[in-house]
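First comes the structure, then the notes that go with it.
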2 protein chains.
Amino acid sequence: MSQHSGSGTAAVQERSGPKTERGRRTLRRLLDAAGEEFGTRGYHETAISNITQSAGVGLGTFYVYFKSKEEVFKALVADMGARTRHALTESVKDAPNRLEAERLGIRAYLQFVREHKSLYRVVMEAQFVAPEAYRAYYRTFSEAYRQQLSQAAKRGEISEGDDDVRVWALMGASTFLGLKFGVWEDDADVNAVSEAAADLMINGLAPRAKKGDAS
Amino acid sequence: MSQHSGSGTAAVQERSGPKTERGRRTLRRLLDAAGEEFGTRGYHETAISNITQSAGVGLGTFYVYFKSKEEVFKALVADMGARTRHALTESVKDAPNRLEAERLGIRAYLQFVREHKSLYRVVMEAQFVAPEAYRAYYRTFSEAYRQQLSQAAKRGEISEGDDDVRVWALMGASTFLGLKFGVWEDDADVNAVSEAAADLMINGLAPRAKKGDAS
DNA sequence: TTGAAACATGAGTCAACATTCAGGTTCTGG
DNA sequence: CCAGAACCTGAATGTTGACTCATGTTTCAA
């Protein structure tokens, strides 16, 4: 996320990528197949041969493109991070203020999870398969998020508070909602869920004041 | 969590438990060692021999008490569930109202996580090792939690809202805070974190009204 | 056309466990 | 003291699957 120019689907560690068109196609197929297999069966249940078969290439071909099983996995996590940040940035681009951005963000997040279930599971499993990649994923995320919150607080759009704590609480809430309503119950109404979630994040559990108070 | 009387540390599937004192002691040592090893190295990196060595018993002994590697793991998840619920129930026992209960709950939760880092990691890894146990863990949790919220709402102690969504958002927030400030940064000030978290959960991000409003 | 770089392949290697088992040792009631 | 139950043990077994490699095949610039 910081060393490569980001042509789209994460970089390979190897000395530079494929040289020919054929090579690029094969790499892409392997990456896609890996995401699908890891996301479905899980890292440890997935054999390299599952990936290569699913990609329609020979077993040995895998090692032409990746140094190890773990390496593809890490590449997928990094890729998912970049894509997620991109999707969120887009969705929030022209929100008039932070509270509205939160509302849009949570909706976009749920939507995104639902459209990328496999990669989402890969990210979660990274906590145990590639802890460093996992932490990097959330570190990058939380740093940008915290920036947003503290600036919004300065502008008076949200209350003051410990942004580090808030960011992690909010990320946790989104993550769990993504798991529950994006992956497990993928028939739930995304809009309803994200509205309810945004309401909690914005107003909290406290009972609303009965009548005219400030805003 | 439902078929055994709950003497303390989860049950074994086998036809009834150990008959002698020696047996009970050995079982306990295995359970403790397993929790420690799984929590530290992770499920797949942990060999049965790691557990038995750490417990100071022979390799074969493991299979006197457990049918398989997965079985101990599940037992640990169930045990952690019971203990966590117990700790939270206790901590919240004499809260005057739900908002206060949330405050106390999040503090107790962080504290508990910090005192049981290993088992906490086991629970999280269960999502991939024993998905059914993982879902059961959160199902049980969320059902009780939802009860609390809806009753509190009826009493007017908290606002009305989609309790299913709220529960999962709140569990997610706590879980991430537990990971970040309970496991990763175990030197953070638990009280400060839980106050900030409780404030977010109770009041949300919205800017506070300038002057006297309800409550 | 041609040689070499790039790419493709799958049988074979090898180490890492989970689980079994046949044979002890210790305890307990009678 | 004795039989049988309960418990303990670690060498041996069998499987699994990541990774290597020797041998092709394809591409492409000169």
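Each chain gets a letter, A, B and so on, in the order the sequences are listed, and its residues count up from 1.
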Just how far, in rounded Å, is [atom2] of [N] from [atom1] of [X]?
X     : N      : atom1 : atom2 : value
A/E45 : D/dA18 : CD    : C1'   : 15 Å
A/R25 : D/dT26 : CZ    : P     : 14 Å
B/F62 : C/dA18 : CZ    : C1'   : 9 Å
A/H44 : C/dA18 : NE2   : P     : 12 Å
A/Q53 : C/dT9  : CD    : C1'   : 13 Å
A/I51 : D/dG17 : CD1   : P     : 13 Å
A/R29 : C/dC7  : CZ    : C1'   : 14 Å
A/L59 : C/dC7  : CG    : C1'   : 15 Å

Earlier contact from the 5' end, DNA chain C, for B/A47 and A/R24
A/R24
Assign each of A/T61 and B/E21 to its nearest nucleotide of DNA chain C by heavy atoms, then name whichever residue's nucleotide is nearer the 5' end.
A/T61
Which nucleotide in the set [options] lies at the smallest distance from any side-chain heavy atom of [X]?
X     : options               : value
A/R22 : C/dT19, C/dA6, C/dT9  : C/dA6
B/T20 : C/dA8, D/dT9, D/dC7   : D/dC7
A/Y63 : D/dA18, C/dT9, C/dT19 : D/dA18

Tell me what [X] touches on the nucleic acid: a base, only sugar-phosphate, or nothing, going by heavy atoms under 4.0 Å.
X     : result
B/G60 : base
B/S49 : nothing
A/I48 : sugar-phosphate
A/T46 : sugar-phosphate

CG on B/L76 to CD on B/E36, rounded to 0.5 Å:
11.0 Å
Return the NZ to CG distance between B/K93 and B/L88, rounded to the nearest 0.5 Å.
13.0 Å
Does [N] have OP1 or OP2 sitting under 4.0 Å from an N or O in the side chain of [X]?
X     : N     : result
A/Y65 : C/dA8 : yes
A/T26 : C/dA8 : yes
A/K19 : C/dA6 : no

Give the ring-plane orientation class for A/F73 versus A/F38, where under 30° counts as parallel, over 60° as perpendicular and anything between as tilted.
perpendicular
Ignoring hydrogens and angles, tell me if any N or O in the side chain of B/T175 forms a donor-acceptor pair with the backbone of B/M171 under 3.5 Å.
yes
Salt bridge (charged side-chain N to carboxylate O under 4.0 Å, His left out) between B/K74 and B/E70, worked out
CA-CA 6 Å; B/K74 286 182 190 159; B/E70 209 178 307; 3.5 Å; yes
